[in-house]
Amino acid sequence: MCGIIGYCGHRPAVPLVLEGLKRLEYRGYDSAGLAFLQVSKLEIIRSEGKLCRLEEKVAQTANTFAPISIGHTRWATHGLPVEKNAHPHASNSGAVAIVHNGIIENFQEIKDELLAKGYVFHSETDTEVLANCIADELDGLLQRHFGKSYAGAAQEFAENAQENSLQYLELMEKAFAKALQKAHGAYAVVLLSPLVPKHILAARLAAPLLMGIGIGEYFVASDVPAFLPYTRDVVFLDDREYVVISSGGYAVKNLYTAEPVQKEIHHIPWDLQGAAKDGFKHFMLKEIMEQPKVLRDCLAGRVQNGRICLPELDNMPVPESIRIIACGTSYNAGLWSQYYLEQFAQLPVTVEIASEFRYRKPILNSRELIVVISQSGETADTLGALRLCREKGYPVLGICNVLGSSVAREASACLYTQAGPEISVASTKAMLSQMVVLLLLALYFGQRRNTACPAEEVLAELRRLPDVLEGTLADMREKAKEFAYKYAFAKSFFYLGRGTAYALALEGALKLKELSYIHAEGYATGEMKHGPIALIDPEFPAFALAFDDENFGKVRSGILEVKSRQGKVIALLQEGTVLDCEDLWYIPKTAIPEFLALPAMQLFSYEMADYLGKDVDQPRNLAKSVTVE
Ligand code: F6R
């Protein structure tokens, strides 16, 4: 939720921040804004809607050569996505401007205190409250040291900024830390102030924030792509840490003690190419089409001499059961793996939605393995579930795509999915890579438990799949277009699947609704006759997954039941099987057809959304990384 960036360095900061925001726009895109200092005066430009609107406004501003700037692209939590609620928010005095990602849960309490002191608020946001809270702390400190508040002597402070810079910085750090100590909830905050015109302050609690280290330039941002053209050297901030950057260096400190914290510098292995569209119309299409490579990358180094190598897990005991926790598409990947984990590892598996899990009183035991799955590694509910388990002393395995993310760092062990950056808001290649890792996990535990699982056959299929998928994606896209155009009339869709296809049916429905805004429901094929079939008519089609496995006969009966109620059906089949259905979609034969069916369904949703003129990469009301509850 929300993308934030701050820059101090030798380049013109405003265009750089705008470019960075473009690469963060997937995190939120209902309004945007930036702040910079012009002759020691705080300038703020904000705009409702997408970033291009902000760009237009910035283009009309005469001087944007400031060497320091902060920016924000928003996914609304408090107040409508209108300009007055867009970030940055300045304090009443103009002493600070901040951008913020997260939710300050006790903002009303703090606001009431500030209202009583005479502060006024121009937005409905918790962020404006925080800005004023920092300014209020600062005023108190300035009063004590200089006998006047910023509010009373802004011009004087600005004129003395050079002379008193170190003292001002110390006071600003104190005010920043004191205000943040009062705030409960989640935040990544970046602050700019005319009082410390060469510095940016930033802090985090339960929301992603990292720092980029360049030569004579430093960045803070929610995600690496924001500053990837300039540096791949990154420091991941931890909760309750803050950082001060200037063009001359950085210092990370503890928010409570102000003690310096030594941080490791990580080198990011991928470059900007990995986060660019590469000539595709949308990131989503690019990410679907790169799935053969994702399959290869995800397998790389994990199979040696016919054995699964997951050294990250070698020190973990073999569990007696597995509990998988995740949200959205990652949950669907977990649900899919239940079938294989039970079959290959012969372990009982439960799969849970993270937001439900964390507010039950779950009975855990030390013999079960808790697995959390998250592409971003920052999803608030998944992270909350992980923390709950860790606090109770249970080890947690993370399956995660983003290097250095909170899930990756806080889990007892982490299996990276190695899918590369996923920019499109709708998750595609990440799910495929999660499925590979989960399948390897099933084989790995099968191996350690000496179950009679057909590891050799499965591995042979997995190795063959990248080429098969590569060879079929172009045809798949054509078929997806054909069916998308034919079925674009639909107001609702059923997705039906049984066995391993059930979780895919849920995923197919999720993709269609989030991208094309067509209502869609995923159902276990066998459940149709227990109620939902009442909805079937010629206007309410179904997308049925009918794999060539032991369920085929039953799935065929389910499809025929829909057809005999005049329902239209697109049936996704494997070559060599037949069905009495008008719209058949054949995928090549393989023992793990889900790895081909998933891209087919993704392409169908993609083509449908594109045909209907929807915003494919940034569907309305969504954000890539859901860091709020
Ligand atoms: C759907 C989608 C979401 C995410 C969910 C979890 O296309 O992307 O449903 O899967 O928000 O996100 P992660 O995996 O980052 O925890």
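Remember, it's 1-based here, ligands and their atoms both numbered in the order they're listed.
Ring geometry, F604 versus F543: the interplanar angle falls from 30° to 60°, so the pair is classed tilted. Between W336 and F595, the two ring planes are perpendicular [angle over 60°; tilted spans 30° to 60°]. Classified by interplanar angle (parallel below 30°, tilted 30° to 60°, perpendicular above 60°), the ring pair F219/F227 is tilted.
Comparing A326, C327, G328 against atom 6 (C) of ligand 1, the shortest heavy-atom distance belongs to C327.
Open room surrounds NZ on K392; 12 or fewer heavy atoms of other groups in view lie less than 6.0 Å from it. In K293, the NZ atom is not crowded: 12 or fewer heavy atoms of neighbouring residues, nucleotides or ligands sit closer than 6.0 Å.
Within ligand 1, the atoms closer than 4.0 Å to a non-hydrogen atom of S374 are 13 (P), 14 (O), 15 (O), 16 (O), numbered from 1 in the order shown. The contact set between ligand 1 and K511, taken as ligand atoms under 4.0 Å from a residue heavy atom, comprises 1 (C), 7 (O). Interface of V425 with ligand 1, defined as ligand atoms under 4.0 Å from a residue heavy atom, comprises 8 (O). Annotation for ligand 1: atoms under 4.0 Å from non-hydrogen atoms of E514 are 1 (C), 7 (O). Near S330, with a cut-off below 4.0 Å to any heavy atom, the atoms of ligand 1 are 10 (O), 13 (P), 14 (O).
Taking atom 16 (O) of ligand 1 as the reference point, the nearest protein heavy-atom neighbour is T379 OG1, 2.4 Å. Counting only heavy atoms of the protein, atom 11 (O) of ligand 1 lies nearest to V626 CG2, 3.9 Å. The nearest protein atom to atom 3 (C) of ligand 1, hydrogens excluded, is given as T329 N, 4.0 Å; this is a heavy-atom distance.
Aromatic ring centres of F344 and F445: separated by at least 6.0 Å.
Between Q434 and ligand 1, not a single N/O pair is under 3.5 Å apart. The N/O atoms of S376, backbone and side chain alike, include one that comes under 3.5 Å of an N/O atom in ligand 1.
Of all the heavy atoms of M431, none lies under 4.0 Å from any atom of ligand 1, so neither backbone nor side chain is involved.
When S405, S376, S330 are each tested for a side-chain contact (heavy atoms from CB on, under 4.5 Å) with C400, only one passes: S405. Only one option out of K511, H282, K281, E287 pairs with Y606 in a side chain to side chain donor-acceptor pair (under 3.5 Å); it is H282.
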